[in-house]
Protein chains: 2
Amino acid sequence: MTDWRPVRRTRTFEDVLAQIERRIAEDGLTAGDRLPAERSLAEQLGVSRSSVREAMRVLETLGVVSSQVGRGPDAGAVLTSRPDTALTDLLRLHLGLASLELREVIDTRLMIERWAATRAATAGADTSGLAAALAGMDAARSAEEFVEHDTAFHCALADASGNRLISAIMRSLRDTMRRYSVEAVTRLGDTSVLRADHERILAAVQAGDAEEAATAVAEHLAHAYPSLS
Amino acid sequence: MTDWRPVRRTRTFEDVLAQIERRIAEDGLTAGDRLPAERSLAEQLGVSRSSVREAMRVLETLGVVSSQVGRGPDAGAVLTSRPDTALTDLLRLHLGLASLELREVIDTRLMIERWAATRAATAGADTSGLAAALAGMDAARSAEEFVEHDTAFHCALADASGNRLISAIMRSLRDTMRRYSVEAVTRLGDTSVLRADHERILAAVQAGDAEEAATAVAEHLAHAYPSLS
DNA sequence: GATTCGATATGGTCTGACCATATTGTGGTC
DNA sequence: GACCACAATATGGTCAGACCATATCGAATC
């Protein structure tokens, strides 16, 4: 009974993962670089191709590689940087499992937007993306199209914070909420309130008024999702 | 040349994923429930076991299932809810790929902590977890141990916000930063400043002073990571 | 009733094969 | 020499079947 350890023997594909991660770190690989082919990697590491493939699935799920079939410079496993798609999958599944609620997602979004608006206002960020999205909202002829440009506006705001992690979280939150946003806009009917909110946010950011920007964002979300305030 | 579509044929394991996700939604499965065995699932869906296994790797990576070998009620693929481990893997890999920088991680942490402190203060949250972590920090005899309890303090603060998504992000951020935190504490030498910060945060939360809590958290992070302020 | 030990269900791994796809090389044609 | 058709090839995607390790279950035994 002594010397018992609750460890789980590391599976082969986990070992492969560790090796790949090590290689990424040691060789300083970044997005765009290619990984060896599956068969080659399997031979190098002395494991079966199945194990390499399972490791690839993990890396692909985490938005770190993208596999392309065929031949040539673009084929094979290429390192990418798609944290947002990974986060989107994560949120969707955990919402489905009821281990997360929509309320928490929207709450998180409010946190990020307030932060981003504050940052953008104080940093005097470039607001061309925001203005473009605003124009797109004017031209929208359906709830789906409106939400599309609305999303672009808010993602541009997150991008303006200059923090890629926060941008990625924001994008995935919006992707996750897309369906609910369309519902909310449809239910709302008149989108002029939302348009006015966006103009107010943009004006505050351009004026460098962080406090006003944060307040405007919070009120905007309250308008868009009145049931959750 | 006409009729070209940039779609990628959906791979078999992606179809398996969709089927499992559908089943989760339709049957209302939640954490703790079991999925059919791999062989059984493969037969039901008319695919090979390899494809089922690749789908399982994805679900496991996203913190949605946990596979146990053996036989009995606990064996097989069990639905779980571990978004934080998935997020930790995601952050670690993207940091390694240089598609994220530590600065952005700490910045995000500041955002969350300010938010959580504000929430905890205004909501009059239970502070027993915070006090316990504070006591643990007093008893710490190494930088590692100190960071361990420091992490517990900040995670307890996030938990107090009542938002599981924010808690999960907080935990993964801390997990990702563990190594750097230990370095930072070691370099700092004297931890009394950090202890005092924590006491100040705790007091502000207990007093329900949101503004003071947010300020205290921000200054605390500035103390802990002076190079990034 | 308790113990022992084989049967069994489950995930983990491997091998080897075949398919689909996309590029590359090659040879013929003009 | 330029161009085009087509075979060769490298790559990921899938499958079938086997074997192993592990953990429980169950029946025979004490």
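Basis for what follows: all heavy atoms, side chains included, without hydrogens, waters or symmetry-related copies.
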Inset, instruction - Report yes if a side-chain nitrogen or oxygen of Ser50(A) is closer than 4.0 Å to either non-bridging phosphate oxygen (OP1 or OP2) of dC14(C); otherwise report no. - result: no
Inset, instruction - May I ask you to verify if any side-chain N or O of Arg71(A) is less than 4.0 angstrom from the OP1 or OP2 atom of dG12(D)? - result: no
Inset, instruction - Indicate yes or no: does Arg178(B) engage Glu148(B) in a salt bridge with an N to O separation below 4.0 Å. - result: yes
Inset, instruction - Grab the CZ-P distance between Arg53(B) and dG17(D) for me, whole Å please. - result: 18 Å
Inset, instruction - For DNA chain C, find the residues of residues 72-79 of chain A with a heavy-atom distance under 4.0 Å and give them by number; none if there aren't any. - result: Gly72(A), Pro73(A)
Legend entry - Carboxylate-amine/guanidinium contact Asp175(B) Arg92(B), below 4.0 Å: no
Legend entry - Short side-chain N/O contact to dC15(D) OP1/OP2 from Arg49(B), under 4.0 Å: no
Legend entry - Whole-Å gap separating P (dC14(C)) and CG (Leu45(A)): 11 Å
Legend entry - Test item: Ser51(B) and Glu14(B) side chains (from C-beta on) under 4.5 Å apart, heavy atoms: no
Legend entry - Minimum-distance nucleotide (side-chain atoms of Ser48(B) versus dC15(D), dG12(D), dG12(C)): dC15(D)
Inset, instruction - Could you tell me the separation between the CD atom of Glu60(B) and the P atom of dG12(C), rounded to a whole number of Å? - result: 7 Å
Legend entry - Lys/Arg N to Asp/Glu carboxylate O, Arg57(A) vs Glu60(A), below 4.0 Å: yes
Legend entry - Rounded interatomic separation in angstrom, taking CZ from Arg57(B) and C1' from dT13(C): 11 Å
Inset, instruction - Could you tell me whether the side chain of Arg119(A) reaches within less than 4.5 Å of the side chain of Met111(B), counting heavy atoms only? - result: no
Legend entry - Any residue meeting side chain to side chain donor-acceptor pair (under 3.5 Å) with Arg114(B), in chain and number order, not counting sequence neighbours: none
Inset, instruction - Please check the phosphate of dG12(C) (OP1 and OP2 only) for any side-chain N or O of Arg11(A) closer than 4.0 Å. - result: yes
Inset, instruction - Scan residues 29-44 of chain A against DNA chain D and write down, sorted by residue number, each residue with any heavy atom closer than 4.0 Å; if none is found, say none. - result: Ala37(A), Glu38(A), Arg39(A)
Inset, instruction - Mind calculating the distance between CD (Glu14(B)) and P (dG12(D)) to the nearest angstrom? - result: 16 Å
Legend entry - Value in whole Å for how far the P atom of dT22(D) lies from CD of Gln68(B): 14 Å
Inset, instruction - Take Gly70(B) and Gly46(B), find for each the nucleotide of DNA chain D with the closest heavy atom, and name the residue whose nucleotide sits nearer the 5' end. - result: Gly46(B)
Legend entry - Protein-nucleotide distance (Met56(B), atom CE; dG12(C), atom C1'), rounded to Å: 13 Å
Legend entry - Under-4.0 Å salt bridge between Glu113(A) and Arg109(A): yes
Legend entry - His154(A) and His220(A) aromatic centres sub-6.0 Å: yes
Inset, instruction - Decide, yes or no, whether a salt bridge links Asp159(B) with Arg171(B) under the criterion of side-chain N to carboxylate O below 4.0 Å. - result: yes
